[in-house]
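Throughout, residue positions are numbered sequentially from 1 according to the sequence presented. Bear in mind the structure is a predicted one, so any value in this text is a computation, not a measurement.
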Amino acid sequence: MSFDVELEKDVLATCLRDVGFVRSANPVLRRHDFSSKALSWIWKVISETYSEAREIPSGSIFAIRLDRDFSKDDEREFAEEVLRSLLKRQVSGPRSALSEIRRFVRLAALRNAASGAIDGLELGDLDEAEKALSQGIERTRSANLLTEPMSWAEQAGERLKLYEQKDSTISIRTPLPSLDKVMNGGLKPGTIGLVVALTNVGKSSFAVSLGYAALMKSKSVVVHVSTEETIREAGARYDSRFTGISRNKLLSGDLTQSEREMFVEKFKRRGQEIGSSLLLHELPPGSNISNVQVLAERAREIYPERPITLVVDSADHLHPARKTESFRLDTSSVYWTLKGLSLDPTLAPISVWVTSQVPQKYAGKALKATSVSESQDKSRIADFMIGLTEGEVSSSSSSTTKTVHCDVLKNRLGRVKNWRIYVEADHGTCTFTEVASCSTEEEDDDE
């Protein structure tokens with residue numbers, strides 16, 4: 001892979017004159033392999049001087065380094081000649097040249113990743129091939145982050161304009177109006193929401209309700225990943241929500257003729273709204289978290305422009321890409337991977353909902369952000385967190401509903417942190433209807 005040496009000369013010539021440009025160039029050039037020994041040496045002197053004194057090296061510094069670093073007269077004379085030419089060089093577009101070098105650093109990282117993986121495959125060493133590819137991808141991602149540092153003071157005017165603008169970010173709405181309100185419109189792309197509850201309170205039903213709201217209210221593509229239920233069982237939850245027919249009746253097949261006709265008619269009428277925007281997947285317990293990433297990437301390929309809502313019910317049964325000796329670190333790795341998916345620019349805009357079970361020892365107690373597991377990693381990683389607790393049971397002629405308390409336990413998406421929403425939950429059809437909401441006096445412990 002060739003590179004235009006004139007770009008390197010333009011950048012180094014500017015570095016010899018402008019200490020501010022050295023600051024911009026440093027994170028890029030320290031990852032760049034220069035095309036000649038002389039240019040590499042000049043950058044080394046510039047970089048080391050800047051790192052030690054935040055200055056550009058003087059002529060006397062270069063003279064001392066020439067005598068110290070070169071034992072051969074011809075090499076020293078050549079490096080001195082290149083240095084003189086750079087000091088005289090007229091440069092018109094140094095930042096454009098630096099941008100091209102940044103691009104080249106990314107290309108080199110990708111090339112090295114592919115080369116290392118191929119070498120491993122040719123030797124039949126799959127572990128080595130995977131390791132080379134993984135390291136190369138990390139280097140590439142690191143190169144993608146190479147940006148010039150901005151002057152905070154000089155950018156003040158531009159930041160003020162941004163503050164004054166109304167937030168036009170896509171928000172993925174939920175089934176509860178008050179929940180949308182405290183989140184400033186809904187779950188934002190780049191964020192992860194966590195739903196926690198004890199067993200049998202309704203996490204899976206609420207997860208489906210979240211997916212349904214994303215589909216119908218926000219026109220989002222929904223990738224629903226179930227680790228606790230089969231596709232048939234999870235699919236029955238969505239079908240019950242779409243049609244209003246009880247999930248138990250669907251799974252038993254005990255449907256009347258009118259219900260069968262209604263089932264077909266509902267999807268005929270809503271076919272254009274829903275389309276194929278619901279992608280339902282089953283992952284057996286113990287599956288690798290990387291499978292979730294593959295499913296999200298596939299959704300982005302199919303729908304390159306649409307917002308994506310990833311619903312994972314539940315992440316507790318997933319394993320990290322690389323297991324550790326610690327259950328806490330395994331759990332943390334899974335949740336950090338999900339957070340990384342929400343921030344992945346190749347998947348954006350994407351937001352993530354995750355459900356998690358609260359240990360039984362918290363039964364009968366008010367849920368806190370710290371109640372989710374043996375560690376606080378889940379609550380720390382989540383941007384928004386709600387706890388579901390069971391209220392009274394009321395009977396009606398058609399179904400049995402429960403009063404569920406939906407408590408906001410953590411909120412980085414809005415000012416409201418202590419809030420309770422009273423919900424009437426029909427688990428038979430995965431329908432959650434807000435009844436009332438109010439502020440609570442409990443204080444969050446995790447902030």
Side-chain angles (χ1 to χ4, degrees), residues 174-176 195 197-217 222-287 295 309 311-318 353-358 360 363 388-404 406 423-435:
T174 74
L176 307 177
V195 181
L198 289 160
T199 304
N200 295 325
V201 173
K203 294 189 307 301
S204 295
S205 294
F206 193 71
V208 167
S209 189
L210 288 168
Y212 176 84
L215 279 168
M216 306 306 294
K217 293 183 177 182
V222 173
V223 181
H224 188 108
V225 180
S226 176
T227 65
E228 296 183 330
E229 297 182 318
T230 65
I231 285 184
R232 181 173 182 270
E233 292 168 334
R237 290 185 186 274
Y238 274 100
D239 283 338
S240 68
R241 183 65 186 86
F242 283 125
T243 65
I245 302 172
S246 170
R247 180 171 64 102
N248 290 334
K249 294 199 73 174
L250 290 175
L251 289 173
S252 68
D254 185 22
L255 300 175
T256 64
Q257 182 60 32
S258 62
E259 287 173 333
R260 294 189 186 94
E261 292 172 357
M262 182 178 68
F263 185 95
V264 174
E265 183 61 28
K266 286 278 188 179
F267 281 98
K268 277 185 179 179
R269 286 193 287 111
R270 291 191 163 182
Q272 292 300 319
E273 293 179 89
I274 302 167
S276 55
S277 300
L278 174 60
L279 307 177
L280 192 57
H281 302 279
E282 171 194 351
L283 289 180
S287 295
L295 297 175
T309 303
V311 181
V312 183
D313 179 37
S314 134
D316 294 338
H317 303 301
L318 296 173
W353 280 109
V354 189
T355 67
S356 179
Q357 183 172 320
V358 173
Q360 196 61 34
L388 303 180
T389 53
E390 198 172 77
E392 302 81 12
V393 177
S394 61
S395 298
S396 69
S397 58
S398 59
S399 63
T400 299
T401 59
K402 294 181 179 179
T403 299
V404 173
C406 176
V423 179
E424 187 177 80
D426 184 346
H427 296 307
T429 59
C430 298
T431 303
F432 289 74
T433 306
E434 180 176 330
V435 177

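Val404 has its side chain out of reach of Glu390: every pair of non-hydrogen atoms, C-beta onward, lies at least 4.5 Å apart. Contact annotation: the side chain of Cys406 approaches that of Leu176 to within less than 4.5 Å [non-hydrogen atoms, C-beta and beyond]. Between Leu278 and Tyr238 the shortest side-chain heavy-atom distance falls below 4.5 Å. The shortest side-chain heavy-atom distance between Val208 and His224 falls under the 4.5 Å cut-off. Contact of the Ile245 side chain with the Leu255 side chain is registered, since non-hydrogen atoms from C-beta on lie closer than 4.5 Å. Inter-residue side-chain proximity for Thr230 and Glu282 is flagged as met; some heavy-atom pair is nearer than 4.5 Å.
Residues Ser356 and Asp316 have side chains that bring a donor and an acceptor to within less than 3.5 angstrom of each other. In summary, the side chains of Gln357 and Thr199 do present a donor paired with an acceptor at a separation below 3.5 Å, with no hydrogens or angles considered.
Annotation: Tyr212 is in aromatic contact with Phe242 [ring centroid separation under 6.0 Å].
Under 4.0 Å is where a charged nitrogen must lie from a carboxylate oxygen, and between Glu229 and Arg237 at least one such pair does.
Residues satisfying the side chain to side chain donor-acceptor pair (under 3.5 Å) criterion with His281, sequence neighbours excluded, are absent altogether. Listed by chain and number, the residues in a ring pair (Phe, Tyr, Trp, His ring centres under 6.0 Å) with Phe206 are Phe432 (sequence neighbours excluded).
Residue Cys430 comes nearest to Ser240 through the heavy atom pair SG-OG, 4.1 Å, listed as atom of the first residue, atom of the second, then distance. Considering all non-hydrogen atoms of both residues, Ser204 and Asp313 come closest at OG-OD2, 2.7 Å. Closest heavy-atom contact between Val222 and Gly211: CG2-O, 3.4 Å.
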With side chain to side chain contact (heavy atoms under 4.5 Å, CB included) as the criterion, how do Val223 and Val311 come out once you've worked through the C-alpha distance, each side chain's angles and the decisive distance to 0.1 Å?
CA-CA 6 Å; Val223 181; Val311 181; over 6 Å; no
Side chain to side chain contact (heavy atoms under 4.5 Å, CB included) evaluation trace for Val225 with Leu295
CA-CA 9 Å; Val225 180; Leu295 297 175; 3.9 Å; yes
Take Leu318 and Thr227, measure what side chain to side chain contact (heavy atoms under 4.5 Å, CB included) needs, and give me the verdict at the end.
CA-CA 8 Å; Leu318 296 173; Thr227 65; 3.8 Å; yes
In sequence, state the C-alpha distance, the side-chain angles, and the governing distance for Leu210 and Val195, and then conclude on side chain to side chain contact (heavy atoms under 4.5 Å, CB included).
CA-CA 10 Å; Leu210 288 168; Val195 181; 4.0 Å; yes
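Between the Ser209 side chain and the Ser205 main chain, no donor and acceptor come within less than 3.5 Å of each other. Without hydrogens or angle criteria, Thr243 side chain to Phe263 main chain gives no donor-acceptor distance under 3.5 Å. With Lys217 contributing its side chain and Thr174 its backbone, the two residues share a donor-acceptor pair below 3.5 Å. Of the possible donor and acceptor atoms, one in the side chain of His427 sits under 3.5 Å from a partner among the backbone N and O of Val201.
For the atom pair NZ of Lys249 and OG1 of Thr429, the computed distance is 13.0 Å after rounding to the nearest 0.5 Å. Taken from CD in Glu265 to NZ in Lys268, the straight-line distance is 6.0 Å, to the nearest 0.5 Å. How far CG of Leu388 is from NZ of Lys402: 11.5 Å, rounded to the nearest 0.5 Å. In this structure, CG in Asp426 is found 11.0 Å from CZ in Arg247, a value given to the nearest 0.5 Å. The OG atom of Ser226 lies 8.5 Å from the CD1 atom of Ile231; values are rounded to the nearest 0.5 Å. Between the CG atom in Leu251 and the CG atom in Asn248 there is a gap of 6.5 Å [rounded to 0.5 Å].
For CZ of Arg260, the number of neighbouring non-hydrogen atoms (other residues, nucleotides, ligands) closer than 6.0 Å is greater than 12.
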